[in-house]
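Notes follow the structure.
Computation of the quantities below employed the complete heavy-atom set of this structure, encompassing side-chain atoms and omitting hydrogens, waters and symmetry-equivalent molecules.
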Amino acid sequence: MVTFDGRAPGTPAGRWSADPRLGALPALALRRTGRTVVVAAHPDDETLGAGGILAELADAGHPADVVIVSDGAASHPGSPTLDPDALATRRWAEVVEAVHLLSPDSPITMLGHADGGLREARDAIEDDLRGLLSDGAQVDQLVAPWRGDGHRDHRIVGEICAALADELGCTLLEYPLWLWHWATPDDARVPWDRMRVVELSDRSVVRKQRAVAAHVTQVTALSSDPRDAPTLHPAFLRTFDRDVEVVVAAGEARDTLPGEFFDATYDRHEDPWGYTDRWYEERKRALTLAALPAARYGRVLEIGCGIGVLTQQLAGRADHLLAVDVSAEAVTRARTRVAGLPHVRVEVADVADAVPAGPFDLVVLSEVGYYFSRPTLERVLADLRATLAPGGTLLACHWRHPVEAYPLGGDEVHRVLRRTLDLSLLAEHREADLLLDVYGDDPRSVAERTGLA
């Protein structure tokens with residue numbers, strides 16, 4: 001039976017976290033630029049369902065707009081402490097404090113429709129939201145309640161937002177709330193095939209916890225009277241204490257990109273990704289080289305070498321370097337670039353078919369993991385692990401922004417890395433544009449390796 005009494009504990013959070021499907025959900029490449037609007041049916045939905053997303057976008061320098069549809073005045077019917085008007089005032093103040101903790105520069109709009117009466121106000125809500133979304137810059141990403149959440153207000157707001165996202169041509173992400181309370185992992189209504197996770201930094205997790213606590217009327221008692229009890233049971237709140245935000249997203253899984261995709265790209269451009277003239281690329285190469293724990297490596301494998309710009313710099317740290325790429329044209333250009341380096345070999349190879357024979361002391365997987373489907377990536381990583389020499393290092397670096405043509409996003413690539421490699425994480429670098437992780441078969445730090453510690 002579906003119930004919406006947050007005072008009851010609901011399905012234990014541990015039952016969800018113990019289900020392997022939750023841990024294996026693909027990571028979403030959250031759009032961290034442009035305009036994002038987060039819509040909530042009630043005050044506190046924005047924090048429980050999308051608080052981590054608000055924090056991540058704020059740290060990326062693109063704070064989202066926040067829109068609260070209802071006034072929240074129906075959370076404590078019959079309260080002897082706060083009448084509906086006073087409760088609505090308190091809940092507005094709580095939203096302001098919570099959003100300020102998550103994303104200080106996010107503008108907040110409270111539409112003020114009657115809590116529990118959104119179905120009756122559907123047309124007015126649609127007009128209000130259309131006006132807000134059409135005003136100002138184009139909306140690139142709309143984050144809204146999941147239409148399947150069961151709660152009537154959530155369903156109405158979710159349906160309106162889905163229609164408006166289609167009308168405006170923007171990405172729609174839907175966040176479940178009540179699903180975690182009334183469903184169980186094996187419930188057929190859980191949309192496992194469309195669920196994705198947004199990875200959260202430790203900073204975002206902490207800010208979300210503080211923001212949840214800011215909704216005082218919902219998480220603490222107004223008085224000792226039973227009608228003033230907290231509306232959200234502590235056991236239910238534990239469901240939202242995760243290092244990811246779970247969303248329901250559209251889109252089917254894509255297959256690994258074929259070699260023809262890259263050949264066509266190089267046919268159109270001499271340097272299609274701007275390796276030679278973009279500061280982003282130059283800086284990323286510097287980060288990559290600086291993150292390597294050893295000054296020099298014996299045998300090095302670089303996967304997806306492109307036109308050989310990073311290859312040329314890796315050569316200075318290697319006794320023998322094998323650089324491979326799926327595109328014959330890219331390999332031709334890379335060979336020209338490293339022609340004077342006899343210890344460097346550049347070959348056409350598709351690691352989705354076969355990983356070059358090792359052992360390798362260093363494997364570099366830079367800006368290539370998201371070209372694979374997830375099953376292919378998992379298989380390639382297993383093969384690479386098998387070719388890694390004892391004490392070897394694997395470095396991965398990937399762009400975080402979504403690219404429609406790619407099967408995976410950078411966040412998902414690094415999530416798969418963490419979950420499949422039996423190696424120690426030696427270094428990690430996280431920023432709005434990229435992720436860089438270094439794994440090693442030797443867990444010692446640079447200081448330990450060099451006798452400083």
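Trp273 and Tyr371 have tilted rings, their planes meeting at an angle from 30° to 60° on a 0 to 90° scale. Note on ring orientation: taking the six-membered ring where Trp is involved, the planes of His42 and His154 are tilted (angle from 30° to 60°).
Each of Arg285, Lys284, Arg278 was evaluated against Glu281; a single residue qualifies, Lys284, per the side chain to side chain donor-acceptor pair (under 3.5 Å) test. A ring-ring contact (aromatic ring centres under 6.0 Å, His included) with His398 holds for exactly one of Phe372, Tyr406, Tyr370; it is Tyr370. Screening Val95, Asp115, Leu87, Thr217 for a side-chain contact (heavy atoms from CB on, under 4.5 Å) involving Pro43 leaves a single residue, Val95.
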Using side chain to side chain contact (heavy atoms under 4.5 Å, CB included), reason through Leu118 and Arg152 one step at a time and then give a plain yes or no. CA-CA 8 Å; Leu118 300 191; Arg152 187 177 70 166; over 6 Å; no
Check the pair Arg122 / Glu126 against salt bridge (Lys or Arg N to Asp or Glu O under 4.0 Å), numbers first and verdict last. CA-CA 6 Å; Arg122 182 172 188 140; Glu126 183 173 345; 5.2 Å; no
Under the side chain to side chain donor-acceptor pair (under 3.5 Å) criterion, do Thr231 and Ser75 qualify, and how do the steps go? CA-CA 7 Å; Thr231 63; Ser75 67; 5.4 Å; no
List the steps, then state whether side chain to side chain contact (heavy atoms under 4.5 Å, CB included) holds for Asp225 with Thr81. CA-CA 9 Å; Asp225 190 288; Thr81 305; 5.9 Å; no
Side chain to side chain contact (heavy atoms under 4.5 Å, CB included) between Leu377 and Val413: does it pass, once the steps are laid out? CA-CA 8 Å; Leu377 175 63; Val413 172; 4.2 Å; yes
Mind running side chain to side chain contact (heavy atoms under 4.5 Å, CB included) on Val326 and Leu257 for me, showing each step along the way? CA-CA 10 Å; Val326 72; Leu257 291 177; over 6 Å; no
Would you check, one step at a time, whether the test salt bridge (Lys or Arg N to Asp or Glu O under 4.0 Å) holds for Arg119 with Glu159? CA-CA 11 Å; Arg119 182 173 63 183; Glu159 289 174 353; over 6 Å; no
Take Thr171 and Gln141 through the side chain to side chain donor-acceptor pair (under 3.5 Å) test and state the conclusion after the steps. CA-CA 5 Å; Thr171 298; Gln141 188 168 242; 5.6 Å; no
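Nearest approach of Ser103 to Leu54, heavy atoms of both residues: CB-O, 3.8 Å. A pairwise comparison of heavy atoms in Met195 and Pro176 identifies CE-CG, 4.5 Å as the closest pair. The nearest pair of heavy atoms linking Ala55 to Ser204 is CB-OG, 3.5 Å. Nearest approach of Ala58 to Leu102, heavy atoms of both residues: CB-O, 3.8 Å. Asp271 and Asp277 get closest at one heavy-atom pair: OD2-N, 4.4 Å. Nearest heavy atom pair, residue Leu173 against residue Ala249, reads CD2-CB, 4.1 Å.
For His401 and Thr33, the side-chain atoms include no donor-acceptor pair closer than 3.5 Å. Side-chain contact, Thr311 with Glu302: a donor N or O sits under 3.5 Å from an acceptor N or O.
Within the 3.5 Å criterion, the main-chain N or O of His181 finds a donor-acceptor partner in the side chain of Thr11. For the pair Trp146 (side chain) and Trp178 (backbone), a donor-acceptor distance under 3.5 Å is absent. Of the possible donor and acceptor atoms, one in the side chain of Glu46 sits under 3.5 Å from a partner among the backbone N and O of Asp44. In this structure, Ser79 contributes its side chain and Arg227 its backbone to no donor-acceptor pair below 3.5 Å. Side chain of Asp325 to backbone of Ala330: no donor-acceptor contact under 3.5 angstrom is found. For the pair His76 (side chain) and Ala229 (backbone), a donor-acceptor distance under 3.5 Å is present. Here the side chain of Glu378 pairs no donor or acceptor atom with the backbone of Val416 at under 3.5 angstrom. Checking side-chain atoms of Thr265 against main-chain N and O of Phe261 turns up a donor-acceptor pair under 3.5 Å. Between the side chain of Arg207 and the main chain of Gly52, no donor-acceptor pair closer than 3.5 Å is present. A donor-acceptor contact shorter than 3.5 Å links the side chain of Asp187 to the backbone of Arg189.
Atom CZ of Arg35 has more than 12 neighbouring heavy atoms from other residues, nucleotides or ligands inside a 6.0 Å radius. Within a 6.0 Å sphere centred on CD of Glu428, heavy atoms belonging to other residues, nucleotides or ligands number 12 at most. Other residues, nucleotides and ligands contribute at most 12 non-hydrogen atoms within 6.0 Å of the CG atom of Asp202.
Counting heavy atoms from C-beta outward, Arg15 and Pro185 have side chains that approach closer than 4.5 Å. Counting heavy atoms from C-beta outward, Arg147 and Leu172 have side chains that approach closer than 4.5 Å. When side chains are defined from C-beta on, Thr36 does not count as touching His62, because their heavy atoms never get closer than 4.5 Å. Contact of the Val380 side chain with the Leu365 side chain is not registered, since no non-hydrogen atoms from C-beta on lie closer than 4.5 Å. Two residues are said to be in side-chain contact when any heavy atoms from C-beta on lie closer than 4.5 Å; Leu434 and Trp399 fail this criterion. Side chains of Val368 and Val351 form no contact here, defined as non-hydrogen atoms less than 4.5 Å apart. Counting only heavy atoms from C-beta outward, the side chains of Val67 and Val37 approach each other to under 4.5 Å. Side-chain contact check for Phe240 versus Val212: every heavy-atom pair is 4.5 Å or farther apart.
Note that the CG atom of Leu129 and the CG atom of Leu164 stand 6.5 Å from one another [nearest 0.5 Å]. Note that CG of Leu142 is 8.0 Å distant from CG of Leu168, once rounded to the nearest 0.5 Å. Interatomic distance, Leu289 CG to Gln313 CD, rounded to the nearest 0.5 Å: 5.5 Å. To the nearest 0.5 Å, atom CG of residue Leu314 and atom OG1 of residue Thr288 are 8.0 Å apart. The CG atom of Leu394 sits 8.5 Å away from atom OG1 of Thr387, with the distance rounded to the nearest 0.5 Å. A distance of 8.0 Å separates CG in Leu435 from SG in Cys397, rounded to the nearest 0.5 Å.
We find that Asp411 and Arg32 are joined by a salt bridge, their nearest charged nitrogen and carboxylate oxygen being less than 4.0 Å apart. Comment: Arg400 does not engage Glu199 in a salt bridge, judged by the lack of any side-chain N to carboxylate O separation of less than 4.0 angstrom. Salt-bridge formation is not detected for the pair Arg415/Glu412: no Lys NZ or Arg NE/NH1/NH2 atom is positioned less than 4.0 Å from an Asp or Glu carboxylate oxygen. Ion pairing of Glu56 with Lys208 is absent here, as no side-chain N (NZ or NE/NH1/NH2) approaches a carboxylate O to less than 4.0 Å.
In this structure, Arg242 forms a cation-pi arrangement with Trp180, its terminal cationic atom sitting closer than 6.0 Å to the ring centre and no more than 45° off the ring axis.
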